[in-house]
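See below for the structure under consideration.
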Protein chains: 2
Amino acid sequence: MDAKAILREHITKTISIPDDQFDHVFSHFKLQSYKKGQTVITEGTFVHAEYFVIDGCLKSFFINDNLKMFILQFAMPTWWVSDYSALYSGNKATISVDCITDATVLSLANEDREKLCKEFHAVEHFFRWRTNKGYVASQKRLLSLMNNDARHRYEELLNLYPQLYNLVPKHLIAAYLGISRETLSRLYNNS
Amino acid sequence: MDAKAILREHITKTISIPDDQFDHVFSHFKLQSYKKGQTVITEGTFVHAEYFVIDGCLKSFFINDNLKMFILQFAMPTWWVSDYSALYSGNKATISVDCITDATVLSLANEDREKLCKEFHAVEHFFRWRTNKGYVASQKRLLSLMNNDARHRYEELLNLYPQLYNLVPKHLIAAYLGISRETLSRLYNNS
DNA sequence: ATAGCTGTGTGACCTACATCACATTCGAAA
DNA sequence: TTTCGAATGTGATGTAGGTCACACAGCTAT
């Protein structure tokens with residue numbers, strides 16, 4: 001299935017949209033390929049677009065003053081990723097996005113999204129629901145972080161995304177869970 | 001300023017809307033008063049509405065198996081609060097909402113919000129942006145929870161919402177920060 | 001093949017915070 | 001004004017997870 005079909009299928013889970021309208025919408029997306037390790041959004045620079053993942057795996061992450069990394073999101077196919085705080089506000093990025101594997105994405109510029117939302121009520125509806133889901137997921141993760149210990153969160157993550165176990169280096173999983181790589185290593189080895 | 005004017009002012013920060021349209025929108029809201037301690041959403045029951053705070057302070061919270069409480073949000077005037085996970089999905093609530101002080105809110109039923117979003121493109125736009133902001137705030141809090149220690153998060157909270165210090169009992173602030181009330185007490189005494 | 005880098009395991013030790021127990025203060029109701 | 005419960009302070013002690021240090025395995029590029 002090509003990028004266009006994947007996006008179409010993704011969108012039509014939330015709204016229905018006639019072919020010609022979708023063609024118009026799709027014309028605003030740009031297909032981009034990245035190599036493993038390449039950076040898509042760099043902390044400290046302006047953010048112009050958000051990205052819909054077609055293939056591969058990206059991460060959005062924050063690096064604190066002690067150079068410790070925290071991962072906000074692993075972005076798998078059909079997920080959206082960006083620094084939304086920076087994108088919506090027009091400020092410089094505080095988080096970065098890069099590629100854990102070779103990746104193909106569809107990029108959508110901020111002003112194109114806003115233009116499309118204005119043109120088509122249904123597109124606005126789609127993006128409202130996409131963010132709704134993101135918001136709910138983020139709240140869930142907040143609760144889990146406060147409520148559950150590291151082992152519990154680790155099992156939760158692997159249940160939700162079994163692919164991650166083989167796809168993503170363990171120290172990145174630790175950075176997502178909010179624990180050190182050593183603690184993660186001990187979690188699944190010593191009992 | 002009455003409830004209608006407060007809502008109008010709140011909405012027109014994001015969209016512009018003619019008087020007659022706003023009147024129609026407003027007619028779907030129901031003004032409700034609660035006493036301190038009253039419950040607005042009860043865990044385990046179905047959720048039908050979301051709430052726009054006119055006056056007072058509410059909290060949305062989760063209680064785990066050990067009866068430990070975690071606060072997701074303090075809802076102050078012009079904030080929205082509900083169990084959005086339950087509201088959007090139609091499932092029973094996993095979090096509760098109650099009143100820290102006497103409170104006045106405008107309730108908006110889920111199907112009325114969806115109806116209004118369908119009727120007026122601008123209303124859909126408004127709700128998209130409201131959720132955008134919530135999503136960004138939630139991500140920020142996630143990062144802070146992973147990145148910063150308790151003292152840092154405490155100061156962050158008080159900077160952002162100085163009113164909370166006098167308005168809200170300390171053990172609730174602790175439940176928001178994800179620490180025990182004892183630890184919070186030690187934070188600002190034995191400094 | 002060798003060098004070098006990235007990822008991972010593991011021991012020793014440290015620390016922020018939790019938990020438990022009890023004392024104290026304060027505000028609201030009787 | 002007394003009483004009672006909710007909120008808060010504080011000491012003693014426990015523990016999950018962090019940090020540091022070092023070992024070693026497996027790629028990749030020369």
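Every chain is numbered from 1 and lettered A, B, ... according to where its sequence line falls, protein lines coming before strand lines.
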W129(A) pairs by ring-ring contact (aromatic ring centres under 6.0 Å, His included) with which of Y88(B), Y84(B), F127(B)? Y88(B)

Select base, sugar-phosphate, or nothing to describe what G178(B) touches, counting heavy atoms under 4.0 Å on all strands. sugar-phosphate

Could you state the atom-to-atom distance from OH of Y154(B) to P of dC17(C) in whole Å? 14 Å

Flag side-chain contact, heavy atom, 4.5 Å: F61(B) against I95(B): no

From CD1 of I179(B) over to C1' of dT15(C), roughly how many Å is that when rounded to an integer? 15 Å

How close or far is atom P of dG18(D) from atom CG of L177(A), stated in whole angstroms? 10 Å

Checking S144(A) against E156(A): is there a side-chain donor and acceptor pair closer than 3.5 Å? yes

Let me know the distance between CG of L187(A) and C1' of dG17(D), rounded to the nearest Å. 9 Å

By nearest-heavy-atom nucleotide on DNA chain D, the more 5' of R153(A) and E182(A) is R153(A)

Do the side chain of R151(A) and the base of dG17(D) come within less than 3.5 angstrom through a donor-acceptor pair of N or O atoms? no

Heavy-atom distance under 4.5 Å between the side chains of V105(B) and V81(B), does that happen here? no

Quick one: does T104(A)'s side chain have a donor or acceptor within less than 3.5 Å of a partner on D55(A)'s backbone? no

What does K36(B) touch in the nucleic acid at a heavy-atom separation under 4.0 angstrom: a base, only the sugar-phosphate, or nothing? nothing

Nearest-nucleotide 5' precedence on DNA chain C, R181(A) against A150(B): R181(A)

Please determine whether a side-chain nitrogen or oxygen atom of Y188(A) lies at a distance below 4.0 Å from atom OP1 or OP2 of dG9(C). yes

Check this one for me: any side-chain N or O of T183(A) less than 4.0 Å away from OP1 or OP2 of dG17(D)? no

Which nucleotide, dG7(C), dC17(C), dG9(D), lies nearest any side-chain atom of P169(A)? dG7(C)

Check whether any side-chain nitrogen or oxygen of H171(B) sits under 4.0 Å from OP1 or OP2 of dA6(D), and answer yes or no. no

Rounded to the Å, how far apart are D149(B) CG and dA18(C) P? 11 Å

Does dT19(D) have OP1 or OP2 under 4.0 Å away from a side-chain N or O of K68(A)? yes

Integer-rounded Å distance: dA18(C) P and L184(B) CG: 10 Å

Atom-pair distance (NZ on K170(B); C1' on dC26(C)), nearest Å: 13 Å

Return the value, rounded to whole Å, for the distance between atom CG of L167(B) and atom C1' of dA7(D). 15 Å

